[in-house]
Amino acid sequence: MSRIDDLISTMTLDEKIGQLIMISLGADTIVTGPKAAADPSVADVRAGRCGSVLNLVGRDRIHALQKLAIEETRLGIPLIFGLDVIHGYHTAFPVPLGETAAFRPDVWRESARIAAEEAADDGLHLTFAPMLDLARDPRWGRIIEGPGEDPHVGRMLARAKVEGFQSADLARRDAIAATAKHFVAYGACTAGRDYAAVDISERMLHEAYLPAFEAAVRAGTLAIMPAFIDIAGRPLSGDKGFLTDLVRTKWGWEGIYVSDYDAIGELIAHGVAADFAEAAALALKAGMDIDMQSRAYPEGLKPALERGLIAMDDIDAAVRRVLAAKERLGLFDDPYGRGSVAGGAARPLAARRAAARDAAVVSMVLAKNDGLLPLAKSGGPIALIGHASVKDDEALGSWFALGDMNPITGLADGIRAAFPDRDVIVERGCDLALDGPSPESDDADIARAVEAAKKAEVVLLAIGEPALLTGEAASRTRIRLTGRQEELARAVLATGKPVVLLLGCGRPLTETWLYDAVGAVLITWYLGSEAGAAIGDVVSGARSPSGRLPVSWPRHVGQIPIFYNERPSGRPWAPGEHFTTRWVDSPNTPLWPFGHGLSYTSFEISAPRAPATFRPGESLTVEVDVADVGDRDGATTVFLFLRDRVASTTRPIMELKRFETVDLAVGERRTLRLTLEPEDFFCLGPDMVARAEPGVFDLLVGESADREKLKGIAVTLLDEAAVA
Ligand code: BGC
């Protein structure tokens with residue numbers, strides 16, 4: 001008998017249920033949901049009423065609680081300690097949407113690796129990341145946590161993050177388990193309103209929303225967190241079709257489902273369960289293993305068993321999966337391993353900081369530059385104006401669960417260090433004001449900022465969206481500057497001084513007038529521990545910017561949802577034609593397309609080359625030459641899109657299939673070889689079966705999804721019958 005079977009055969013019902021319960025025990029971390037009715041406590045652990053814990057931080061506290069679980073519970077089963085390690089642990093990396101803009105899987109993997117090393121060093125085993133929710137609606141605050149609008153990007157990010165967190169061996173003392181979340185289509189919530197219902201087609205689910213999760217499963221993610229929402233009447237937390245039939249049976253996944261915070265109990269509010277027993281039964285039978293912080297499993301599983309809604313086998317199956325996860329994490333053999341590595345599991349601090357600085361540099365997106373950037377190393381005073389210049393911790397974004405942070409290199413320090421020979425005058429300008437107008441005291445601050453601008457040769461205007469207005473439960477109908485920041489910007493612009501906008505945001509902000517008015521726009525997201533140093537690197541030209549937008553940037557809120565890979569219309573837009581798909585008061589195009597991002601140098605991308613024909617089942621290698629033809633080193637991202645000209649169902653205007661970010665020295669030219677696999681040509685037929693249909697495909701390459709600038713060739717997938 002295996003260790004797990006052995007254990008299960010000796011466990012009481014209470015002990016079994018305990019393994020399926022995760023409680024929050026951290027007082028000093030962010031609690032992301034409503035408070036439980038009765039505060040869970042250490043007594044629950046001692047009584048075996050809990051198998052995993054979230055939100056507890058600190059090596060000693062984790063060690064002490066693990067010791068209690070091992071030594072003072074009847075069976076001595078180790079606990080799993082989980083936390084939202086989202087974009088770093090002690091060392092903060094750019095927020096996920098920002099880091100996605102790097103379009104560098106190596107950077108994505110490395111930041112997860114470093115976060116895992118730091119978290120494991122504190123005794124943690126599990127993170128609730130990566131968040132893989134495709135989002136095409138920036139009104140949704142959680143767009144900041146994910147990969148943006150494109151399914152292929154989501155897939156690549158999923159793989160890199162799971163590999164980074166988990167390493168090659170999950171039992172390693174510096175590995176933590178990943179949780180792919182929130183399964184699935186949470187980002188499609190109605191009108192971008194968090195937690196609202198989702199109603200999308202099965203086709204869209206398969207084409208756009210599921211691929212990142214499937215990639216996480218292929219990469220071996222230990223855990224998946226079902227989303228809060230319901231899809232077309234099916235709340236995910238209780239849906240067997242999604243959780244078991246699709247993911248476990250079809251995809252062959254063997255990990256554990258961890259519910260979202262209170263999500264099983266919320267099946268009652270969804271209206272698919274009358275009480276905790278029904279909610280617990282629905283979730284358990286769907287395949288949900290662990291109940292995070294709701295009363296459904298603690299209070300509902302026993303009555304559900306008594307009422308015959310579930311069988312003991314259902315409970316045993318979930319317990320078996322949870323114990324198997326503990327085994328994969330190495331917890332039975334080495335329960336105190338994480339947190340006990342001599343010298344620490346994490347690499348030296350300087351190396352972590354250097355990685356954070358590099359990630360921050362490559363995540364910034366230079367959206368506009370009329371030649372203002374980079375600033376000269378010497379010259380007249382620089383006025384650094386705006387809240388981000390004085391509020392360093394804004395750079396941590398909305399979700400940084402830990403108090404125990406390494407210090408942040410703030411913007412003012414970063415700019416001063418980058419320009420030792422120039423005067424830097426720092427002014428706050430105005431308050432951030434989470435909602436409504438800022439206090440009157442801002443009058444004086446705005447006046448001082450204007451004076452600073454007048455004295456300066458150039459202004460760095462560091463304004464944007466308060467970090468606290470992004471993330472969970474932060475949906476907005478106006479995705480614009482808050483408080484009196486617009487007034488500040490107008491006052492500064494009125495001085496006539498050249499203005500560089502350093503835009504801090506977790507989603508596109510529709511301040512089109514401002515982007516028109518300033519000389520340069522550098523999107524700085526929330527860049528983490530080394531934000532200031534990294535911004536200094538780019539503003540001074542020590543590094544050339546190379547980030548690209550992972551989302552189409554709307555001109556107005558009215559264009560939302562806007563994304564590049566929509567399906568064609570029977571009446572495509574045509575200049576001067578009235579009855580075509582368009583708005584009468586706005587162009588169809590976004591302000592900046594998916595993939596947009598400038599550099600201080602310039603590149604030449606050749607037309608793609610590929611064999612004119614290929615056979616079913618064959619891969620196809622596409623060659624593209626890329627050269628740095630400007631006057632400094634830099635990096636560009638080459639995107640390869642595919643268009644299926646004629647198929648049995650309509651295909652997107654174009655779909656991203658590959659991207660590659662290349663660092664080039666001045667004058668350097670390289671040939672990229674991008675190989676497309678047979679599945680890349682698949683289309684979901686009317687019968688929902690994926691297959692490649694013979695015919696002509698356009699291969700389009702370029703530096704963004706701007707269709708005007710893409711270069712393409714056509715290739716033909718031969719008809720099997722004709723080939724034979
Ligand atoms: C969020 C999850 C998070 C969980 C635990 C929830 O409110 O939706 O993303 O992992 O809380 O903190």
Side-chain angles (χ1 to χ4, degrees), residues 1-23 44-54 62 65-82 120 123-128 166 169-173 175-180 217 220-226 243-244 247-248 252-259 264 280 283-293 296-298 301-302 305 310-338:
M1 220 197 240
S2 74
R3 166 159 55 194
I4 292 175
D5 289 331
D6 212 18
L7 262 176
I8 291 179
S9 70
T10 58
M11 288 168 94
T12 63
L13 177 59
D14 284 328
E15 284 164 341
K16 288 178 182 175
I17 293 175
Q19 286 304 307
L20 308 183
I21 291 167
M22 176 181 277
I23 59 176
D44 289 298
V45 176
R46 187 176 280 114
R49 283 195 292 266
C50 137
S52 47
V53 166
L54 84 148
I62 289 177
L65 199 61
Q66 188 69 298
K67 196 158 180 290
L68 187 146
I70 305 265
E71 294 180 4
E72 297 182 37
T73 63
R74 194 178 72 93
L75 296 170
I77 301 174
L79 296 164
I80 294 177
F81 291 92
L124 291 165
H125 309 127
L126 170 71
T127 174
F128 308 118
Q166 298 196 163
D169 175 8
L170 199 45
R172 262 168 54 167
R173 288 177 165 188
I176 62 173
T179 305
V217 164
T221 187
L222 182 81
I224 295 178
M225 181 185 287
L243 271 48
T244 295
V247 181
R248 291 202 200 277
W253 179 66
E254 292 183 340
I256 46 168
Y257 281 111
V258 179
S259 84
I264 302 179
L284 189 76
K285 288 195 90 73
M288 183 80 89
D289 301 301
I290 294 183
D291 181 354
M292 177 193 282
Q293 198 66 1
Y297 276 11
L301 280 179
K302 260 194 197 170
L305 199 59
I310 54 169
M312 188 62 90
D313 279 355
D314 299 320
I315 295 188
D316 286 353
V319 173
R320 185 168 287 111
R321 287 190 293 260
V322 170
L323 296 178
K326 293 186 174 184
E327 199 156 58
R328 272 182 70 189
L329 278 162
L331 295 184
F332 287 108
D333 299 320
D334 190 21
Y336 308 111
R338 292 175 182 79

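If you're wondering where the values come from, they're calculated on a predicted model, not measured in any experiment.
Of the possible polar contacts, none joining the Thr179 side chain to the Ala223 backbone as a donor-acceptor pair under 3.5 Å is found. The main-chain N or O of Val319 is never found under 3.5 Å from a side-chain atom of Lys16 such that the two would form a donor-acceptor pair. Gln19 places no side-chain N or O within donor-acceptor distance of the main-chain N or O of Val322, the cut-off being under 3.5 Å. No donor-acceptor pair under 3.5 Å is formed between the side chain of Lys326 and the backbone N or O of Ile77. Of the possible polar contacts, none joining the Arg172 side chain to the Gly330 backbone as a donor-acceptor pair under 3.5 Å is found.
The closest side-chain heavy-atom distance from Pro298 to Ile17 is not below 4.5 Å. You'll find the side chain of Arg173 reaches within 4.5 Å of the side chain of Asp334, heavy atoms only. With a 4.5 Å cut-off on side-chain heavy atoms, Asp291 and Met22 do not count as touching. Residues Thr127 and Leu124 form no side-chain contact, since every pair of their non-hydrogen atoms from C-beta on lies 4.5 Å or further apart. Contact of the Asp5 side chain with the Arg320 side chain is registered, since non-hydrogen atoms from C-beta on lie closer than 4.5 Å. By the 4.5 Å heavy-atom criterion applied to side chains, Leu301 and Leu13 are not counted as neighbours. You'll find the side chain of Leu331 reaches within 4.5 Å of the side chain of Arg338, heavy atoms only.
Across Leu305 and Ala311, no two heavy atoms sit closer than the pair CD1-C, 3.6 Å. Between Thr221 and Ala178, the shortest heavy-atom distance links the atoms OG1-O, 3.1 Å. The two residues Cys50 and Ile23 make their nearest non-hydrogen contact at SG-CG1, 3.6 Å. Closest of all the heavy-atom pairs between Ala280 and Ala296 is CB-O, 3.5 Å. Heavy atoms only, all atoms of each residue included: Met292 and Phe128 are closest at CE-CZ, 3.7 Å. Shown here for Leu243 and Pro226, the closest heavy-atom pair between the two residues is CD2-CG, 4.0 Å.
The line from CG of Leu323 to CG of Leu7 is 6.0 Å long, rounded to the nearest 0.5 Å. Within the model, atoms CG of Asp313 and CD1 of Ile310 stand 10.5 Å from one another, a figure rounded to the nearest 0.5 Å. Separation of atoms OH (Tyr257) and CG (Leu20) is listed at 15.5 Å; rounding is to 0.5 Å. In this structure, the separation between OH on Tyr297 and CD1 on Ile290 is 9.5 Å, given to the nearest 0.5 Å. Atom CD1 of residue Ile80 and atom CG of residue Leu126 lie 6.5 Å apart, to the nearest 0.5 angstrom. Here Arg321 contributes atom CZ and Leu222 contributes atom CG; the two are 12.0 Å apart, rounded to the nearest 0.5 Å.
Contacts of Glu254 classified as side chain to side chain donor-acceptor pair (under 3.5 Å), with partners at least two apart in sequence or in another chain: none. In terms of the ring-ring contact (aromatic ring centres under 6.0 Å, His included) criterion, residue partners of Tyr336 (sequence neighbours excluded) are, by chain and number, His63. Residues passing the salt bridge (charged side-chain N to carboxylate O under 4.0 Å, His left out) test with Asp333 are Arg3, sequence neighbours excluded. For Ala69, the side-chain contact (heavy atoms from CB on, under 4.5 Å) test picks out Val45, Gln66, Leu79, with sequence neighbours left out. Arg328 pairs by the side chain to side chain donor-acceptor pair (under 3.5 Å) definition with nothing, not counting sequence neighbours. Partners of Lys302 according to the salt bridge (charged side-chain N to carboxylate O under 4.0 Å, His left out) rule, which considers only residues two or more places apart in sequence or in another chain, are Asp14.
The only member of Ile264, Ile315, Asp289 that meets side-chain contact (heavy atoms from CB on, under 4.5 Å) when paired with Leu284 is Ile315.
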Can you check side chain to side chain contact (heavy atoms under 4.5 Å, CB included) on Val217 and Ile224, steps first, answer last? CA-CA 9 Å; Val217 164; Ile224 295 178; 3.9 Å; yes
